[in-house]
Amino acid sequence: MKPVERLVNQEYQYGFVTNVEAETAPRGLSEDIIRFISDKKHEPSFMLEWRLRAYRQWLKMSEPAWPNVLYPKIDYKDIIYYSAPKKRSDGPKSLEEVDQEILATYEKLGIPLEEQKRLAGVAVDAVFDSVSVATTFKETLAKAGVIFCSFSEAVEKHPDLVKKYLGTVVPHTDNFYASLNSAVFSDGSFVYVPNGVRCPMELSTYFRINAADTGQFERTLIIADEGAYVSYLEGCTAPLRDKNQLHAAVVELVALEGAEIKYSTVQNWYPGDKEGKGGIYNFVTKRGKCAGASSKISWTQVETGSAITWKYPSVILQGDNSVGEFYSAALTNNYQQADTGTKMIHIGKNTRSTIISKGIAAGHGRNTYRGLVKVMPGATGARNYTQCDSLLMGSRASANTFPYIEVKNRTAQVEHEATTSKIGEDQLFYCMARGLSGEDAVSMIVNGFCKEVFGHLPMEFAVEATKLLNVSLEGSVG
Amino acid sequence: MLDIRDLHVRVGGAEILKGIDLKIGAGEVHAIMGPNGSGKSTLTQVLAGNPQYEVTRGEVLYEGKELLKMEPENRAREGVFLAFQYPVEIPGVNNAYFLKAALNEIRAHRGKPPLDAMEFLELLREKLKLVGMDEGFKNRPVNQGFSGGEKKRNEMLQLAVLEPKLAILDETDSGLDIDALKAVAQGVNAMRSPQRAMLIVTHYQRLLNYITPDRVHVLAEGRIALTGGPKLAHELEAKGYDWVRKQALAGRALAGKEKT
């Protein structure tokens, strides 16, 4: 339809490049590069050894071929594994010391840190390329006993916590990309919420890939101690470049007894242009462990960016009565490809999991849901409910659903529902006959389709997700 | 207000409308009746701008402007409203949100400021009362899980909120029980005004027991076969559509003879 075609031509809004001097490692990967990274970060020896073990493991592994995505082979020797904005002497001690260009970049992204300071409720740990450049709200959090800092700082100041939990959910041997990340990760966020503390604000990180040809390998570790609660949001954008960039992150969540972690992602990495040139390869391992009884981990993701998305935020339900949730809305437009879903591994008794996945494919988009529900022999009374809905726009998009269900306990209840529908011309016409433009009609229908997922995002981010979806949908029906 | 001239329309290769001429003035209520397949719904869809219908000949003037050249959303913004025979479901989209978005588009088109949430809520409450719907409707997804009667009432609610200049009702009475029918008729009568024209398409005469039209037209085989006053509807009810077909054929034969 014509009004919808008009939408297609919207450009990626965040494709600007920031000119800051960067400190960069030579291309390629070797034990020397890993030592260089570890040295740059003044890491203790346990970190270097862990990295090297991961690297040696990675050399023996090969890239997974099973995802339902197509892309040319990645030359891992041609990637720059470390890039950091050059520091003035010892680095910024306050926001005023942060490079003005970097702050301007954040402003373009719509998250002025100055503003963030005043906006009560959201603390931002901003990761610019590989180094965390500014952390706000630290003091308020410190009063509550919450540690929220860059991963590097955590290694420096809280090595015991890092040593205790790093790799306990996603081991350095886990998979090709996770091992690579373990070897070369340069920074990320670290959160520790102590016993019985409800984190007083939403924690938020904006990741951004700036330097050309760099892979970004951030690593996030969140620990909620017994009875603690934390809600964490990550948002991502990247500048527009012709070449593909690799993003291989790892996120580990640990929830101890009675703890709850809510992790929300709004992912808007550069998706490539209308012909499918450029864009981010987003190969990410995200996993949470409900280690203690009655703990809860909830993933909510809105994926509108990246040329290719490969991620399965998962929950290991180890503690009895623990709860895992996965709410996902993934949009692929133009030539974007997504192979995403979740794994719910039921180990403890009476563990419960819910999976709601909404896939939207437009243009030549390829959208795959891949999910595993596994009930181990000891998981008596385990329950899962899965609902996978796909919405197709136009005739060239495709949607697939691959649900894997493995049940080894007779008392388990596993339900799976799946639907595929098309945005109907009659729906569009009905909206337009009420005065809405074709663009608004499409976005209204898609937003309605994703409602169950958006409902799980923190309020302010739900608004952002809606806006992002509208931008990403432009020109979606051919 | 509306002037349809020699309108010919095709759908999927078949010619459905074969030359419609119809004029409706402001303040007038016209009824269009006719047997199934006579082209009644086609006429309403074409007026609203459904792109699946192809106009092969003729023109439609709406307030002096060429309606057929306008995009569907602009027709709505200019004050044309179609109450659908089969209202479409839009899962997950809140009814009130949908209506507010539509109303504010129309207001913007007319250079009026948008209504904020509170102002809109007040208006919506008043209109819900007018069409006899309870408040629960405003928070339900558009038409999703509505019964047939609820869908039709929801169309009436939209009509009442959007206050169009030209309201077209496509078989709004079909599938309604007598109470719902009365409620719909009451809504329509309340909306009658000297500034508003209405075109009511119906298969049966029973709706016209509650709404008295100024003119009644009978469509048969893609043409208006008969036009008359309100009594024509009763005559039709008594004599059936076959009578019209015969009249139409005879008329055409007569017209043919006159030409030769």
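Computed from a predicted model, the values in this text were never measured in an experiment. Note on naming: letters A, B, ... go to the chains in the order of the sequence lines (proteins, then strands), and numbering restarts at 1 for each one.
Inter-residue side-chain proximity for A/Asn447 and B/Val93 is flagged as unmet; no heavy-atom pair is nearer than 4.5 Å. In this structure, B/Glu105 and A/Asp440 have side chains that are in contact, with non-hydrogen atoms separated by less than 4.5 Å.
Contacts between B/Glu78 and chain A at a heavy-atom distance below 4.5 Å are absent for every atom of the residue. Interface remark: B/Pro164 contributes no atoms to any contact with chain A (heavy atom separation under 4.5 Å). Residue B/Glu155 touches chain A through its side chain alone, counting heavy-atom pairs closer than 4.5 Å. Residue contact with chain B, scored on non-hydrogen atoms closer than 4.5 Å, involves the backbone and the side chain of A/Cys431 alike.
The heavy-atom pair separating B/Ile90 from A/Gln427 by the smallest distance is CA-NE2, 4.2 Å. Across all non-hydrogen atoms, the minimal contact from B/Ala76 to A/Arg434 is CB-C, 3.8 Å.
Around atom CZ of B/Arg140, more than 12 heavy atoms belonging to other residues, nucleotides or ligands sit under 6.0 Å away. With a 6.0 Å radius and a threshold of 12 heavy atoms from other residues, nucleotides or ligands, B/Phe137 has its CZ atom above the threshold. With a 6.0 Å radius and a threshold of 12 heavy atoms from other residues, nucleotides or ligands, B/Glu122 has its CD atom at or below the threshold. Environment of OH in A/Tyr385: crowded, with over 12 heavy atoms of neighbouring residues, nucleotides or ligands closer than 6.0 Å.
Ring geometry for A/Tyr430 against B/Phe98 counts as parallel: the plane angle stays under 30°, on a 0 to 90° scale with 60° as the upper cut.
Note: B/Glu89 CD to A/Ile445 CD1 = 12.5 Å, rounded to the nearest 0.5 Å.
Between chain A and the residues B/Val80, B/Asn74, B/Leu82, B/Ile106, the most heavy-atom pairs under 4.5 angstrom are made by B/Leu82. Between chain A and the residues B/Asn50, B/Leu103, B/Leu99, the largest count of heavy-atom pairs under 4.5 Å involves B/Asn50. Of the listed residues A/Ala433, A/Ala441, A/Ser421, the one with more heavy-atom pairs under 4.5 angstrom with chain B than any other is A/Ala433.
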